[in-house]
Amino acid sequence: MAGQLRDPVRHMLESVLDDVRALSTGAVASYIPELAMVDPERLGAALVSTHGVVHETGDSDAEFTIQSVSKPFVFALAVDALGLAEVTRHVGLEPSGEPFNAISLEATSGRPLNPMINAGAIVTTSLMRGDTAEEKFALVRAGLERFAGRDLTVDDDVFTSEASTGDRNRALAYLTRSAGTLASTAEVATTAYFRQCSLTVNARDLAIMAATLATGGVNPVTGERVISEDAARWTMAVMTSCGMYDASGDWLVRVGLPAKSGVGGGIVAVQPGQFGIGTFSPRLDERGNSVRGVATLELLSERHGLHMLQHHGAPLSPIASLKRDGADTVAMLRGEIFFAGAEEVLTRLSPFVSDEGCLVLDFSGVTRVGDGSKPVFATAPTLVGLAPDGHARVVVRDPEGVLGE
Ligand SMILES: NC(=O)CC[C@H](N)C(=O)O
């Protein structure tokens, strides 16, 4: 009981793991001996808040190879470094509806459909700076280490096996090379990609990496900015549409969190602005997604209302009070004001704008205004103009400077 009180979130994770532990369907990946050898009973989960608090349970320390869970993070590094326009010259953003290793190239452009399947991920890795596999992989590794907030090592046995059995991935690389979308030779891209897949992580690392996307690119544990806010948003968007391969549509309805799975048994999921989750359980379903990882996230989402499209009820009105002060009307505003809040403030209060007194918009109780709404408020006094006698019709009081300059 004391343990539960110390970390109720851990307790919450634990009770979900207890409910999925008995699931014994699926099979560990067996295309290489190293993966076939892992203990299929391992089960771990971690959740990291955007404040950097780590909650973890089960085998959250157990190491496994990151495999395809690396794909969104390498995509994030690529769009951060090169911009979306350059990256999408090489790889598309459309769900393929096909298995992860499909020969999936757009007919006209020759681009892989998206960066979450092997073809697209190999192209993304080829976009890392440098001419050699070593240089490209060094950037991948350094980037993933900043996401995880610690040094990561390559499982050399897995790498050797991936390289010796990776002909299908080589075929994908040669196809993209011939279509003109691969940014290096096939050998350079696949060697770097095989190393990338062979980096070892645990469920806690994955949760921290996911939380780094949730914060808009800042690792909440180390405090380091890893990628830009734009890169984090684009990455979560691709995870939403393509992260679970040909199960992505089903996943979006049932779980509703941007996610990515890997054949090592890991899954990352993000609740944008709130937290990251990492799970580990090696047995995979026929699509290559961890059976108990999927079940864990389904249950967590359902039990705790985590679906990103969950309706949370009507938001609190940003207008805390409206008072007459002589000929003036004073609106005390509060909380966080984004587009809908700005719309409410402007629509409900516009009838109070008159030639007689002024409408005072008082932002002292406002904690944040969305970037897109700041200029609307900041320019309101100018837009509305002065009354005939020269006094302002709208006055903005912003003692904390929440509207910026
Ligand atoms: N889905 C995956 O995790 C695939 C990664 C694996 N190394 C491959 O390229 O086939």
Side-chain angles (χ1 to χ4, degrees), residues 26-38 63-75 91 95-104 112-126 133 136-137 140-141 144 152 154-176 182 186-201 203 205-206 209 238-239 242-248 251 259-269 278-291 293-294:
V28 301
S30 57
Y31 68 95
I32 54 173
E34 290 74 16
L35 289 179
M37 267 161 22
V38 303
E63 302 235 325
F64 52 93
T65 49
I66 190 167
Q67 299 291 353
S68 290
V69 180
S70 60
K71 291 170 181 173
F73 300 101
V74 178
F75 174 75
V91 57
S96 66
E98 289 182 314
F100 66 83
N101 56 4
I103 313 274
S104 196
L113 268 93
N114 69 68
M116 302 293 109
I117 53 173
N118 289 10
I122 293 166
V123 168
T124 312
T125 301
S126 80
K136 290 186 190 296
F137 175 67
V140 165
R141 179 193 201 140
L144 265 53
L152 301 176
V154 170
D155 183 324
D156 286 316
D157 295 335
V158 171
F159 167 69
T160 307
S161 277
E162 292 280 353
S164 64
T165 60
D167 286 339
R168 192 178 175 91
N169 285 323
R170 287 194 186 86
L172 292 171
Y174 280 112
L175 276 176
T176 55
L182 197 72
E187 197 49 37
V188 163
T190 49
T191 302
Y193 171 77
F194 293 142
R195 279 199 192 281
Q196 167 187 325
C197 288
S198 310
L199 282 166
T200 59
V201 289
D205 295 326
L206 294 188
M209 295 171 82
V238 183
M239 293 165 77
C242 313
M244 302 299 277
Y245 314 121
D246 42 340
S248 296
W251 174 269
K260 185 73 201 79
S261 63
V263 292
I267 301 182
V268 285
T279 63
F280 171 51
S281 172
R283 278 193 295 263
L284 311 176
D285 62 20
E286 62 288 348
R287 275 134 161 185
N289 297 327
S290 162
V291 172
V294 168

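Keep in mind the model is a prediction, meaning the values are calculated, not measured. Numbering of ligands and ligand atoms starts at 1, following listing order.
Ligand 1 has no nitrogen or oxygen under 3.5 angstrom from a nitrogen or oxygen of G264. Checked against a 3.5 angstrom limit, the closest N/O atoms of Y193 and ligand 1 fall inside it. Some N or O of Q67 is nearer than 3.5 Å to an N or O of ligand 1, by distance alone.
In the vicinity of Y31, heavy-atom distances shorter than 4.0 Å reach the ligand 1 atoms 6 (C), 7 (N). Taking every non-hydrogen atom of F100 and a distance limit under 4.0 Å, the qualifying atoms of ligand 1 come out as 1 (N), 4 (C), 10 (O). Atom numbering of ligand 1 starts at 1 in the shown order; those under 4.0 Å from a heavy atom of N169 are 8 (C), 9 (O), 10 (O). Contact atoms of ligand 1 toward G262: 3 (O) (distance under 4.0 Å to a heavy atom of the residue). Here is the list of ligand 1 atoms found below 4.0 Å of a heavy atom in C197: 7 (N). Remark: ligand 1 atoms within the under-4.0 Å shell around heavy atoms of S68 are 1 (N), 2 (C), 3 (O), 4 (C), 5 (C).
Distance check: N101 CG to I117 CD1 gives 9.5 Å after rounding to the nearest 0.5 Å.
The side-chain tip of R287 does not point at the ring of Y245 from less than 6.0 angstrom away and within 45° of straight on.
Each of T124, N118, T125 was compared with K71 under the side chain to side chain donor-acceptor pair (under 3.5 Å) criterion, and only N118 meets it. Looking at S104, C242, S248 one by one, the single match for side-chain contact (heavy atoms from CB on, under 4.5 Å) with S96 turns out to be S104.
Looking only at atom types and distance, the side chain of Q196 has a donor-acceptor partner in the side chain of S70 under 3.5 Å away.
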For this session: Give the C-alpha distance, both sets of side-chain angles, the deciding distance and a yes or no for side chain to side chain donor-acceptor pair (under 3.5 Å) between E187 and Y174.
Result: CA-CA 9 Å; E187 197 49 37; Y174 280 112; 4.7 Å; no
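Close to ligand 1: N118, with a non-hydrogen atom less than 4.0 angstrom away. In this structure, F194 does not count as a contact residue of ligand 1, since none of its heavy atoms falls inside 4.0 Å of the ligand.
Classified by interplanar angle (parallel below 30°, tilted 30° to 60°, perpendicular above 60°), the ring pair F280/F64 is parallel.
Side-chain contact between T190 and R195: absent, with no pair of heavy atoms (C-beta onward) separated by less than 4.5 Å. The shortest side-chain heavy-atom distance between M209 and V69 does not fall under the 4.5 Å cut-off.
With a 4.0 Å heavy-atom cut-off, ligand 1 is reached by the side chain of E162 but not by its N, CA, C or O. The side chain of Y245, and not its backbone, has at least one atom closer than 4.0 Å to an atom of ligand 1 (non-hydrogen atoms only; side chain from C-beta on).
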